[in-house]
Amino acid sequence: MKTINYGRFGILFVGGVLAVILLLTLRQGNPQDEGYGQVLINERIEKDKFMRDNSQSPFKIHGMAYSGLTYYEPDINYRVLAQLEPIREKKVRVLPTSDGKENRYLEYAWAEFILKEKKLNLLILESMEMGPQRGMLFCAFADSTSGRETYGAGRYLEVKKIKGATTLELDFNKAYNPYCAYVDSYSCPFPPRENILPVEIKAGERNYAP
């Protein structure tokens, strides 16, 4: 194999190029994180338009004035990658709802993750109810902000079922209120007791103030 002799100038040149590349990388950060906050804000603007103008909005359906949703500022530290641990011996879980009814779910998996230097778990459930929601995953949680800065009965996270997946992204910046946070007549399942997290999740949707 032929040895390449860069010489003193060549070594300095190569070293300089590597230093510039490293500096640009540090300045740019993770390319996947670029524009994350703006994307999230744009999604919130679209949801605001839906709530204000769409005929399927709970405010339009019930003829209520709409004063706008409120959120925490986007914080990428609340977007975490969780390890997905399937539950082998699945049990039926019955969750009470805000209108005194019950919804049936099947245990699906545990999502294990680190947030604020704490190891946390969320129980992911699979809907057993008849209709379009049957078989879809469901994740409701409460935390130390619940009842103070956020809706007291907990918030929801959208999670997708991906066959064979061993990890799951949990983005608490996208945590949202169920419709019963705006209108009492809706039926909203409460989080299972396992999903009451012993930390403050200062991300996602806050209390709605009419």
Side-chain angles (χ1 to χ4, degrees), residues 32-82 95-101 103 105 108 111 122 124-143 145-162 165 168-192 195 197 200-210:
Q32 294 181 349
D33 296 343
E34 291 180 6
Y36 168 77
Q38 189 57 53
V39 170
L40 196 62
I41 289 171
N42 290 342
E43 290 177 358
R44 292 173 177 181
I45 290 172
E46 288 302 311
K47 185 171 183 178
D48 191 69
K49 290 179 180 178
F50 171 84
M51 290 294 192
R52 184 181 61 247
D53 302 325
N54 195 286
S55 61
Q56 297 304 308
S57 160
F59 297 93
K60 285 289 187 179
I61 290 174
H62 294 273
M64 297 170 54
Y66 175 62
S67 60
L69 306 182
T70 59
Y71 299 91
Y72 290 100
E73 290 296 318
D75 185 345
I76 203 166
N77 293 309
Y78 283 101
R79 187 176 69 176
V80 299
L81 187 65
L95 298 185
T97 65
S98 57
D99 61 348
K101 298 179 182 179
N103 280 7
Y105 297 87
Y108 180 77
L122 282 176
I124 310 297
L125 301 172
E126 181 178 0
S127 176
M128 297 178 67
E129 300 298 319
M130 298 302 295
Q133 299 299 315
R134 187 176 180 83
M136 295 185 67
L137 300 186
F138 176 72
C139 181
F141 73 96
D143 64 278
T145 69
S146 301
R148 299 187 294 109
E149 300 175 12
T150 62
Y151 183 52
R155 294 177 287 168
Y156 296 171
L157 282 174
E158 287 189 2
V159 288
K160 295 181 179 179
K161 185 189 295 185
I162 302 177
L168 175 70
E169 182 180 276
L170 298 175
D171 192 347
F172 290 97
N173 290 285
K174 297 183 178 182
Y176 64 95
N177 290 337
Y179 277 2
C180 52
Y182 320 124
V183 184
D184 291 339
S185 60
Y186 282 95
S187 181
C188 305
F190 296 131
N195 287 5
L197 303 177
E200 289 187 327
I201 305 293
K202 289 180 173 288
E205 191 174 349
R206 305 183 65 161
N207 271 328
Y208 178 71

Handout entry: Test: Lys202 and Glu149 ion pair at under 4.0 Å
Key = yes
Problem - Asp184, CG: over 12 other non-hydrogen atoms inside 6.0 angstrom - result: no
Problem - Steps toward side-chain contact (heavy atoms from CB on, under 4.5 Å) verdict (Phe50, Gln56) - result: CA-CA 8 Å; Phe50 171 84; Gln56 297 304 308; 4.2 Å; yes
Practice task
Mind running ring-ring contact (aromatic ring centres under 6.0 Å, His included) on Tyr179 and His62 for me, showing each step along the way?
Solution key: CA-CA 12 Å; Tyr179 277 2; His62 294 273; 9.2 Å; no
Exercise for the section: Check whether any side-chain N or O of Asp143 sits under 3.5 Å from a backbone N or O of Glu200 as a donor-acceptor pair, and report yes or no. Expected result: no
Problem - Sidechain N-carboxylate O distance under 4.0 Å for Lys160, Glu169 - result: no
Exercise for the section: Output yes when a side-chain donor or acceptor of Asn195 lies under 3.5 Å from a complementary backbone atom of Ala140, and no otherwise. Expected result: yes
Exercise for the section: For residues Pro74 and Ile41, determine if any side-chain heavy atom of one lies less than 4.5 Å from a side-chain heavy atom of the other. Expected result: yes
Problem - Met136 CE: over 12 foreign heavy atoms closer than 6.0 Å - result: no
Handout entry: Ser98 (side chain) donor-acceptor with Cys188 (main chain) under 3.5 angstrom
Key = yes
Exercise for the section: Report yes if some heavy atom in the side chain of Tyr156 is under 4.5 Å from a heavy atom in the side chain of Pro191; otherwise report no. Expected result: no
Completion exercise
Between the CG atom in Leu125 and the CZ atom in Phe138, the distance rounded to the nearest 0.5 Å is 7.5 Å
Handout entry: Donor-acceptor contact below 3.5 Å, side chain Thr97 vs main chain Pro189
Key = no
Problem - Beyond-backbone contact of Pro178 with Tyr186, side-chain heavy atoms, under 4.5 angstrom - result: no
Exercise for the section: Please examine the side chains of Leu157 and Leu170, heavy atoms only from C-beta on, and report whether any two atoms are closer than 4.5 Å. Expected result: yes
Practice task
Given ring-ring contact (aromatic ring centres under 6.0 Å, His included), test Phe172 with Phe141 step by step and report yes or no.
Solution key: CA-CA 10 Å; Phe172 290 97; Phe141 73 96; 5.3 Å; yes
Problem - Heavy-atom check, side chain of Tyr182 versus side chain of Tyr66, under 4.5 Å - result: no
Handout entry: side-chain hydrogen bond (donor to acceptor under 3.5 Å, both in side chains) evaluation trace for Asn42 with Glu46
Key = CA-CA 6 Å; Asn42 290 342; Glu46 288 302 311; over 6 Å; no
Problem - Glu158 atom CD: more than 12 heavy-atom contacts under 6.0 Å - result: no
Practice task
Measure the spacing between CZ of Arg206 and CZ of Arg155 and express it to the nearest 0.5 Å.
Solution key: 9.5 Å
Exercise for the section: Decide if the gap between the ring center of Tyr78 and the ring center of Tyr72 is smaller than 6.0 angstrom. Expected result: no
Exercise for the section: Measure the shortest side-chain to side-chain distance between Met51 and Pro58 over non-hydrogen atoms and say whether it is less than 4.5 angstrom. Expected result: yes
Exercise for the section: Indicate yes or no: does Glu126 engage Lys161 in a salt bridge with an N to O separation below 4.0 Å. Expected result: yes
Practice task
Please work out whether the ring planes of Tyr208 and Phe59 are parallel, tilted or perpendicular, with thresholds of 30° and 60°.
Solution key: tilted
Exercise for the section: Could you check if a side-chain atom of Ile61 sits within less than 4.5 angstrom of a side-chain atom of Val183, using non-hydrogen atoms only? Expected result: no
Handout entry: Whether Asn173 side chain and Asp75 backbone form a donor-acceptor pair below 3.5 Å
Key = yes
Problem - Pairwise distance OH(Tyr108) to SG(Cys139) - rounded to 0.5 angstrom - result: 13.0 Å
Handout entry: CD/Glu73: more than 12 non-hydrogen atoms of other groups inside 6.0 Å
Key = no
Problem - N/O donor-acceptor pair under 3.5 Å between Ser127 side chain and Gly135 backbone - result: no
Practice task
Would you please say whether a donor-acceptor pair under 3.5 Å links the side chains of Ser187 and Asp99?
Solution key: yes
Exercise for the section: Indicate yes or no: at least one non-hydrogen side-chain atom of Ile201 is less than 4.5 angstrom from one of Thr150. Expected result: no
Exercise for the section: May I ask you to say whether Arg44 pairs ionically with Asp48, meaning some side-chain N is under 4.0 Å from a carboxylate O? Expected result: no
Handout entry: Test item: Glu205 side-chain N/O and Asn177 main-chain N/O as donor-acceptor pair under 3.5 Å
Key = yes
Practice task
Count the heavy atoms of every other residue, nucleotide or ligand shown that sit under 6.0 Å from NZ of Lys60, and state whether that count exceeds 12.
Solution key: no
Problem - Row check, Tyr36 ring normal vs Arg79 NZ/CZ: under 6.0 Å, within 45° - result: yes
